[in-house]
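Structure record follows, encoded as structure tokens.
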Amino acid sequence: MRRLAQKYTASALRLVIALLALWGIVWSAQLFVAGNAYYSVKNTLEIWQNDPNKASLQKAEEALVKIDNALSYFPDNALYHQIKGQIFEWLAFVDRNAQSGYFTNANVSYRNSIHLRPNWSGSWIGLATVKWKKQQLDEQFYEYLNMAIKVGPQDAITHVFIIEYGFAMLSARDVQFVKIRQNLKQHLPLGLINPLSRKQVISAIEKYNAKPTACTWLNTYEDKGPHKVLGC
């Protein structure tokens, strides 16, 4: 009986090890597929960011299929939900007739991301971006923006959004500029120093012809690094 029990125990152990090994193979395969889908979409979004004319309805729908595939394997991945929100924003960009629905879906995706990872500034910025695109610069918009600043004060995406939005309001002589002015002055040097945001920050400054204003502000800082980066 003892030998039979030992034999049974050994067989059960081998079965458990085999199942764990199989599970590891399956999990690795899923991770590989999901990872490839994510990086493919991420690269596509970066291309569109640099040249929006390269975005199309077909390509955006293909990107959505890829990220949905990644989410089918890892539904609790906050980054995948955040990327999905960005895709819906691009769908709204290329298909103006269905903007409202795409913005709603983007909002849902960003909220799903925040539910999984509340301290992710990118998703809070996503919510603020959708509000801006819908021209809803209300109290909720600033709540989203303030949350992004709170959880990611040093994040590149926070710098870029504040500088883009701030100089857009300044250029339009919009009354909203008063509400963003202080944050804009604070994040301007930070955005120029950060290598992950520098290019986009300079591009936003050039887009709104804001270099004279930016240089005037930067001249008041002891650290001349941002001043030199912008070429003041």
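Note that the numbering runs from 1 along the sequence shown for the chain.
The closest side-chain heavy-atom distance from Arg198 to Ile202 is below 4.5 Å. When side chains are defined from C-beta on, Pro189 does not count as touching Asp223, because their heavy atoms never get closer than 4.5 Å.
By the salt bridge (Lys or Arg N to Asp or Glu O under 4.0 Å) test, Asp68 is found to be paired with Lys84, residues two or more places apart in sequence or in another chain being considered. Qualifying side-chain contact (heavy atoms from CB on, under 4.5 Å) partners for Leu170, counting only residues two or more places apart in sequence or in other chains: Phe167, Phe177, Thr213. Applying the side-chain contact (heavy atoms from CB on, under 4.5 Å) rule to Leu196 yields the partners Ala156, Asn194; only residues at least two apart in sequence or on another chain are considered. Taking Ala55 as the reference, Trp48, Trp90, Val94 meet the side-chain contact (heavy atoms from CB on, under 4.5 Å) condition, with sequence neighbours excluded. For Cys232, the side-chain contact (heavy atoms from CB on, under 4.5 Å) criterion is met by Cys215, Leu218, His227, Leu230, not counting sequence neighbours. Partners of Tyr221 according to the ring pair (Phe, Tyr, Trp, His ring centres under 6.0 Å) rule, which considers only residues two or more places apart in sequence or in another chain, do not exist here.
With hydrogens and angles ignored, the 3.5 Å screen pairs no side-chain donor or acceptor of His187 with any backbone N or O of Gln154. The main-chain N or O of Ala78 is found under 3.5 Å from a side-chain atom of Ser113 such that the two form a donor-acceptor pair. Without hydrogens or angle criteria, Ser203 side chain to Gln200 main chain gives no donor-acceptor distance under 3.5 Å. For Glu164 (side chain) and Ala204 (main-chain N/O), no donor-acceptor pair under 3.5 Å exists by modelled atom type. A donor-acceptor pair under 3.5 Å is formed between the side chain of Thr158 and the backbone N or O of Gly152. The closest donor-acceptor contact from the side chain of Thr220 to the backbone of Trp217 lies under 3.5 Å. A distance-only check finds a donor-acceptor pair linking the side chain of Thr44 to the backbone of Ser40 [under 3.5 Å]. In terms of modelled atom types and a separation under 3.5 Å, the side chain of Asp51 and the main chain of Asn53 share a donor-acceptor contact.
Atom CD of Gln49 sits about 8.0 Å away from atom CD of Gln86, to the nearest 0.5 Å. One distance of note links CG of Leu137 with CG of Leu145; it measures 10.5 Å at 0.5 Å rounding. The NZ atom of Lys185 sits 12.0 Å away from the CG atom of Asn183 when rounded to the nearest 0.5 Å. Between the NE2 atom of His81 and the OG atom of Ser109 there is a distance of 7.5 Å, given to the nearest 0.5 Å. Expressed to the nearest 0.5 Å, how far CE of Met169 lies from CD1 of Ile180 amounts to 9.5 Å. Note that the CD1 atom of Ile87 and the CG atom of Asn105 stand 11.5 Å from one another [nearest 0.5 Å].
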- Item | Evaluation steps, side chain to side chain contact (heavy atoms under 4.5 Å, CB included), between Phe161 and Thr129 | CA-CA 8 Å; Phe161 181 84; Thr129 300; 3.4 Å; yes
- Under the side-chain hydrogen bond (donor to acceptor under 3.5 Å, both in side chains) rule, what do Glu89 and Tyr110 come out as? Steps first, then yes or no, please. CA-CA 11 Å; Glu89 285 194 61; Tyr110 288 134; 2.4 Å; yes
- Message: Determine whether Lys66 and Glu62 satisfy the following criterion, salt bridge (charged side-chain N to carboxylate O under 4.0 Å, His left out), listing intermediate values before the conclusion.
- Response: CA-CA 6 Å; Lys66 290 180 181 179; Glu62 290 174 354; 5.9 Å; no
- Does the pair His115 and Arg111 meet the rule for a side chain to side chain contact (heavy atoms under 4.5 Å, CB included), with working shown? CA-CA 6 Å; His115 176 72; Arg111 288 187 179 280; over 6 Å; no
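Both Leu91 and Ile67 are members of a single hydrophobic cluster when ILVMFWY side chains are connected at heavy-atom separations under 4.5 Å. Put simply, Leu79 and Phe88 are part of the same group of oily side chains (I, L, V, M, F, W, Y) that touch within less than 4.5 Å, one to the next. Residues Phe103 and Trp124 share a hydrophobic cluster, clusters being chains of Ile/Leu/Val/Met/Phe/Trp/Tyr side chains in contact below 4.5 Å. Residues Ile114 and Leu116 fall into different hydrophobic clusters, defined by Ile, Leu, Val, Met, Phe, Trp and Tyr side chains chained together at heavy-atom separations under 4.5 Å. The cluster map of Ile, Leu, Val, Met, Phe, Trp and Tyr, joined by side-chain heavy atoms under 4.5 Å apart, puts Val160 and Ile163 in the same cluster.
Atom CZ of Arg96 has more than 12 heavy atoms from other residues, nucleotides or ligands within 6.0 Å. Taking a 6.0 Å sphere around NZ of Lys224, one finds it holds more than 12 heavy atoms contributed by other residues, nucleotides or ligands. Within 6.0 Å of atom CD in Gln135, 12 or fewer heavy atoms from other residues, nucleotides or ligands are found, so the atom counts as exposed in its surroundings.
In this structure, Tyr38 has its ring center under 6.0 Å from that of Tyr80. Ring centroids of Phe141 and Trp132 are separated by 6.0 Å or more, keeping the two rings apart.
Scanning both residues, Pro118 and Val151, for their nearest heavy atoms gives O-CG1, 4.2 Å. Closest approach of Lys211 and Gly231 over heavy atoms only: NZ-O, 3.3 Å. The two atoms that bring Phe93 and Pro52 nearest to each other are CE2-O, 3.7 Å, heavy atoms only. Taking every heavy atom of both residues into account, Ala148 and Ile125 meet most closely at CB-CD1, 3.6 Å. Between Pro153 and His159, the shortest heavy-atom distance links the atoms O-CE1, 3.2 Å. The nearest pair of heavy atoms linking Ser121 to Ile157 is OG-CG2, 3.6 Å.
Relative orientation of the Tyr142 and Tyr165 rings is perpendicular, given thresholds of 30° and 60° on the angle between their planes.
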